[in-house]
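As the structure lists them, so they are numbered: ligands from 1, and atoms in each ligand from 1. The figures here come from the full heavy-atom set of this structure, side chains too, leaving out hydrogens, waters and symmetry mates.
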Amino acid sequence: MNQRENFGSRAAVIMAMAGSAIGLGNIWRFPYILGEYGGAAFILLYIAASLLVALPIFFAESVIGRRSRSNAYGALQKLAPGTRWRWAGILTILSPLLILSYYSVVGGWSVQYLFKSLSFDFTSAAPEAVSGFFSSFISSTWQPILSHTVFIALVAGIVLGGVKKGIEKFSNIAMPVLFVLILVLIVYSLTLPGSSKGVSYLLKPDFSKLNADAFAAALGQAFFSLSLGVGTILTYSSYVKKEENLIVSGIGTAASDLVFAIMAAFAVIPAVFAAGIEPGAGPGLVFETLPFIFNKMAGAAPVVSSIISIVFFVAILAAALTSAISMLEVGVAFLTEEKGFKRVPATLLLAFFTWLVGILCSLSFGPMSGVKILGDTFFDFLDHLCSNWLMPAGGLVFTLFVGWKMSKASVRDELTNGGRCNAVSYKFFYYLIRFVAPVGIVAVSLTNLLL
Ligand code: PHE
């Protein structure tokens with residue numbers, strides 16, 4: 001048997017998990033989803049979904065991962081041999097690959113924007129030219145596909161070449177840098193004329209804007225942002241040492257993810273209002289707004305603005321890559337550990353599959369924008385399918401497994417390290433895992449289905 005590696009320290013555990021959690025979900029997805037569902041009221045829903053449903057599922061995945069010390073597919077089989085629970089493993093292989101196929105398209109947009117920053121396009125062009133850039137880029141056929149190809153090649157290259165450690169080290173530097181840059185952008189955004197409307201949009205809840213979809217969207221965003229329901233957190237937890245406090249590392253990861261998302265909203269949304277962009281403009285929101293910010297900044301300090309935009313996109317790319325490799329790795333681990341594949345063909349096969357599906361996603365902003373599935377473009381359809389359905393389904397299986405199938409003694413053993421810590425908080429979280437999280441998922445999904 002292979003000797004399984006362990007994360008060395010608590011900081012390493014939180015960094016690795018936060019590396020998977022913090023990504024385009026925070027910077028790209030959160031601002032536009034909250035823009036589609038009305039701002040402040042949606043943020044409150046999102047915080048509730050994160051604490052009451054997502055966090056307990058995070059713990060459920062951690063318990064399964066550390067208890068089984070196994071990959072996502074084999075874990076339930078190991079803990080409940082011969083039962084049907086193992087079928088849930090299929091979700092953990094399919095969902096991350098589908099997510100990666102459209103994630104990579106957005107990763108590609110970041111690659112393209114990095115090149116634009118490097119050639120000073122945002123800072124030297126006229127403001128009108130900058131604001132029209134996204135729509136012409138995205139509706140073209142080849143350029144976005146090329147960028148998507150570069151991104152998926154980077155992801156495959158990292159998973160293949162074993163430079164994962166290097167990338168993770170790099171990302172450990174890039175994340176704090178991104179954090180500081182977002183702070184700078186917040187301050188700058190808030191000084192733009194017209195931005196105060198954006199601030200009240202984020203702070204004054206208007207519950208009349210929440211429709212039935214908003215609940216599913218908030219839950220879906222919480223799953224997406226914390227990488228839940230697809231086996232990523234489960235897999236990472238299988239490398240966590242016995243002595244490590246799962247509740248503390250879970251709260252650390254979830255808190256940093258939440259703070260990052262809210263900061264991104266405060267950097268982007270005030271500028272959205274200042275630029276006169278519609279907050280419900282959809283997946284392109286951040287990519288339409290950032291060039292506007294950098295272009296405005298350039299008026300005051302062109303060199304500083306160019307440097308900030310370059311560093312910003314490098315950091316976003318690092319954040320996106322650490323999330324994307326965690327998606328591809330789940331499938332690669334499955335093919336190599338369970339199906340006897342060698343690492344190279346497994347990686348190439350899965351990367352090829354996600355590349356093909358990603359091309360359809362990319363085209364759905366241009367030549368295929370008229371092709372709709374259940375009223376959505378292909379890109380939106382896949383995103384809704386994964387975040388609003390597949391991820392919650394995976395999460396439901398994990399919480400039911402931990403709350404109802406595993407013995408209470410073993411769950412307590414994992415969450416309290418054999419009774420040495422968290423004696424009080426464990427009871428609270430066990431209650432959330434057993435009742436609140438599954439009821440929350442089912443209630444939200446039913447509402448979404450029926451209304
Ligand atoms: N949480 C990542 C992000 O916010 C996306 C992700 C989803 C990563 C699922 C892994 C698994 O960008």
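Looking at Phe313 and Leu290, their side chains come closer than 4.5 Å, going by heavy atoms from C-beta outward. Considering only heavy atoms from C-beta on, Phe260 comes within 4.5 Å of Leu178 through its side chain. Put simply, the side chain of Ser20 reaches to within 4.5 Å of the side chain of Ser227, judged on heavy atoms.
Separating the CG atom in Leu363 from the NE2 atom in His148 is a distance of 9.5 Å, to the nearest 0.5 Å.
Taking atom 4 (O) of ligand 1 as the reference point, the nearest protein heavy-atom neighbour is Ala21 O, 2.8 Å. Nearest protein heavy-atom neighbour of atom 8 (C) of ligand 1: Ser227 OG, 3.3 Å. Nearest non-hydrogen protein atom to atom 6 (C) of ligand 1 is Met327 CE, 3.5 Å. Residue, atom and distance of the protein heavy atom nearest to atom 7 (C) of ligand 1 are Phe224 O, 3.6 Å. Nearest protein heavy-atom contact of atom 12 (O) of ligand 1 is Tyr103 OH, 2.5 Å.
Ring pair Tyr113/Phe134 is perpendicular by interplanar angle, where above 60° counts as perpendicular and below 30° as parallel. In this pair, Phe273 and Tyr201 present their aromatic rings tilted. The plane angle is within the 30 to 60° band.
Two rings, from Trp87 and Tyr73, have their centers 6.0 Å or more apart.
Of all the heavy atoms of Arg29, none lies under 4.0 Å from any atom of ligand 1, so neither backbone nor side chain is involved.
The distance from ligand 1 to the heavy atoms of Val230 drops below 4.0 Å at these ligand atoms: 9 (C), 11 (C). Near Ser326, meaning under 4.0 Å from any of its heavy atoms, are these atoms of ligand 1: 10 (C). Atoms of ligand 1 found under 4.0 Å from any heavy atom of Ser225, numbered from 1 in the order shown, are 1 (N), 4 (O). The ligand atoms of ligand 1 that sit less than 4.0 angstrom from a heavy atom of Asn26 are 4 (O). Less than 4.0 angstrom separates some heavy atom of Thr232 from each of these atoms of ligand 1: 10 (C), 11 (C).
We find that Lys78 and Glu337 are not joined by a salt bridge, their nearest charged nitrogen and carboxylate oxygen being 4.0 Å or further apart. The residues Lys242 and Glu414 are annotated as salt-bridged, a charged nitrogen and a carboxylate oxygen being separated by less than 4.0 angstrom.
Taking all heavy atoms of Met391, Gln221, Glu329 into account, the minimum distance to atom 9 (C) of ligand 1 is reached by Met391. Checking Gly25, Gly23, Ser20 against atom 2 (C) of ligand 1, the nearest heavy atom belongs to Ser20.
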